[in-house]
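All of these numbers come straight from a predicted model, not from anything done at the bench. Side chains are part of it too, since the values below use all heavy atoms of this structure and drop only hydrogens, waters and symmetry mates.
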Amino acid sequence: MQQTAVDGATRRARIAISVIFAVQGGVSGSFATAIPWIREHLQLRHGWLGLALVFLTLGASAAMPLAARFAHRYGPRRALAGVSLLCCALLALPALAPSLVWLCPVLFVYGCGLGLMDVSMNAHGVQIEERYGRSVMSGLHGMWSVGTLLGGAGGALVAHAGGDGRLHLGLVAPAMALTALIACRWTLDVPEQSTAATSGDGEGDGDPHAPAEAPPRFALPSRAALTVGLMGFFAVFAEGASMDWSGIYLRDVTDADRGLAASAFTAFACTMAVARLLGDAVVRRLGAVRTVRASGLLAAAGAALVVVARSPAPAIAGFALIGIGVAVVVPLCFAAAGRIPSASPGQEIAGVATLAYASGLAAPAAVGWIAEVTSLSVSFGMITVLLFGLVVGAGVLRPEPRTSVPSGAESVRKSGGADEEAALRGDVREETAAGPGSGGTGSGTASGTASASETS
């Protein structure tokens, strides 16, 4: 990926979308630390709480494919502002549910808001990374983790003081909504462009810079998206289980008080934030595959520590290690999604996001149901095994050189060279020097340095 000169509007857009990422993180962190209050308020057993949390991810998975269509119809900026307002406003509802029967549909609707906002902000991040010509997505996801840290810290303080969850979420929701709406004023408002590289004969008879086609209302993920999304599945399973169950794990297994139990999530969010903020530099040095394999081993070690912990300190340390281990995987998955040739890049991002976060559909239920039959320690033993999937499957995130016309055309267009017209006519047949990131999409590790490290 070639670095390019960045104008002031793009810099402002990067700051704005960083704030949006932090806002959604703050929403997620605030809700996560309110889960123990909701469980105690409604007197739910592990299995029933797990069932309710399934509805949250069901809503997110159902809504994600619609995000690209909203952006196409209303424009990226207006769509992002709308779904951000929706997501933040819905945060106040779960604490108001009077029973499990109401909690399930409320979490479904809240999940819809989370899913729409997630895909929309990542699509903006992909566009900004293309303009920068270097990796920025890991840092953006780092800002999301900073948001979860701040939201989790606030929730921990409320829990320690014995505060009411309804008041807590009721105050956080409008504050987050106002922040997001202000930040959206400076985001990009450029329709996404097709990244479909070539026609069936490989001669590239389409215009790679044409606006993307209107995405379908629903489409199954492509084969490439399934492969990439599987890696996200493993990481998000561990992430979701840690976010939703860390506080309860400390309460039930280590006998921690409410305030200390909430701090387990804070430790998890803190280490994840630091790892993501440093992720781009690490991947440029080690390469995507080696980084993910090392991360998988670290996360598995953390999960194993949680399994054997019988006091708060080692359990909190274990959740912190899980946070470090899974931090860069999701940004890498979005990086790979952005490189998938497609008429609708946003749809590919939605496909990978849907599959990755669909693991959140399995995580709350699996942890709760296994804990109901055995124990929470056994549940996290299963997570330890799943995390080794990152070690085994890391190779699917290795960037591969492209040999298509649009790649060459895009490289020449970005560099401002005089051969742009020739590239568009098909005279430029190959581009390997700029690496697979020439499409300008992706997260965390989509930089040219990372590509060189992986393919050397």
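Taking the side chain as every heavy atom from C-beta outward, Leu91 and Tyr110 approach each other to under 4.5 Å. Contact annotation: the side chain of Val283 never approaches that of Ser138 to less than 4.5 Å [non-hydrogen atoms, C-beta and beyond]. For the pair Leu390 and Ser295, the minimum side-chain heavy-atom distance is 4.5 Å or more. Counting only heavy atoms from C-beta outward, the side chains of Val330 and Arg276 approach each other to under 4.5 Å. The closest side-chain heavy-atom distance from Leu260 to Thr254 is not below 4.5 Å. Residues Leu66 and Leu116 form a side-chain contact, since some pair of their non-hydrogen atoms from C-beta on lies under 4.5 Å apart. The shortest side-chain heavy-atom distance between Leu44 and Leu103 falls under the 4.5 Å cut-off. Side-chain contact between Phe268 and Glu239 is present, with at least one heavy-atom pair separated by less than 4.5 Å.
Separating the CG atom in Leu305 from the CD1 atom in Ile316 is a distance of 11.0 Å, to the nearest 0.5 Å. Note that CG of Leu298 and CG of Leu321 are 5.0 Å apart. Values are rounded to the nearest 0.5 Å. Between the SG atom in Cys112 and the CG atom in Leu107 there is a gap of 11.0 Å [rounded to 0.5 Å]. Rounding to the nearest 0.5 Å gives a distance of 8.5 Å between CD of Glu40 and CD1 of Ile248. Rounding to the nearest 0.5 Å gives a distance of 7.0 Å between OG of Ser375 and OH of Tyr249. Distance OG/Ser377 to CZ/Arg310: 3.5 Å, rounded to 0.5 Å.
Closest of all the heavy-atom pairs between Thr384 and Ala304 is OG1-N, 3.5 Å. Considering every non-hydrogen atom in both Leu140 and Ser18, the closest pair reads CD2-OG, 3.2 Å. Scanning all heavy atoms of the two residues, the minimum distance from Ala303 to Leu387 falls at CB-CD1, 3.9 Å. In this structure, Gly232 and Cys333 approach most closely via the heavy-atom pair N-SG, 3.4 Å. Among all heavy-atom pairs drawn from Gly113 and Cys87, the shortest one is O-CB, 3.5 Å. The minimum heavy-atom distance linking Leu250 with Ala264 is given by the pair CD1-CB, 3.6 Å.
Annotation: side chain to side chain contact (heavy atoms under 4.5 Å, CB included) contacts of Ile370 (sequence neighbours excluded): Thr374, Val378, Ser379, Met382. Partners of Arg77 by side chain to side chain contact (heavy atoms under 4.5 Å, CB included), not counting sequence neighbours, listed by chain and number: Thr187, Asp189.
In the model, Asn122 has a side-chain atom that pairs as donor or acceptor with a side-chain atom of His141 under 3.5 Å.
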Query raised in the report: What's the verdict on side chain to side chain contact (heavy atoms under 4.5 Å, CB included) for Val119 and Val83, showing C-alpha distance, side-chain angles and the deciding distance?
Result: CA-CA 10 Å; Val119 173; Val83 299; over 6 Å; no
Requested in this report: Check step by step if side chain to side chain contact (heavy atoms under 4.5 Å, CB included) holds for His168 and Phe31.
Outcome: CA-CA 9 Å; His168 170 215; Phe31 173 73; over 6 Å; no
Requested in this report: In sequence, state the C-alpha distance, the side-chain angles, and the governing distance for Ile383 and Val306, and then conclude on side chain to side chain contact (heavy atoms under 4.5 Å, CB included).
Outcome: CA-CA 10 Å; Ile383 292 170; Val306 170; over 6 Å; no
Query raised in the report: After noting the C-alpha distance and the side-chain angles of Leu56 and Asp244, does the key distance pass the side chain to side chain contact (heavy atoms under 4.5 Å, CB included) rule?
Result: CA-CA 11 Å; Leu56 187 152; Asp244 292 344; over 6 Å; no
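The aromatic rings of Trp37 and His41 lie parallel to each other, with less than 30° between the two planes, well short of the 60° mark.
A ring pair (Phe, Tyr, Trp, His ring centres under 6.0 Å) with Phe380 holds for exactly one of Trp245, Phe237, Phe319; it is Phe319. Just one residue in the list Val27, Leu85, Ile20 forms a side-chain contact (heavy atoms from CB on, under 4.5 Å) with Met117, and that residue is Ile20.
Panel note: side chain Thr291, backbone Gly287; a donor-acceptor pair is recorded below 3.5 Å. With hydrogens and angles ignored, the 3.5 Å screen pairs a side-chain donor or acceptor of Gln24 with a backbone N or O of Leu114.
In the displayed structure, Arg185 atom CZ is contacted under 6.0 Å by at most 12 heavy atoms of other residues, nucleotides or ligands.
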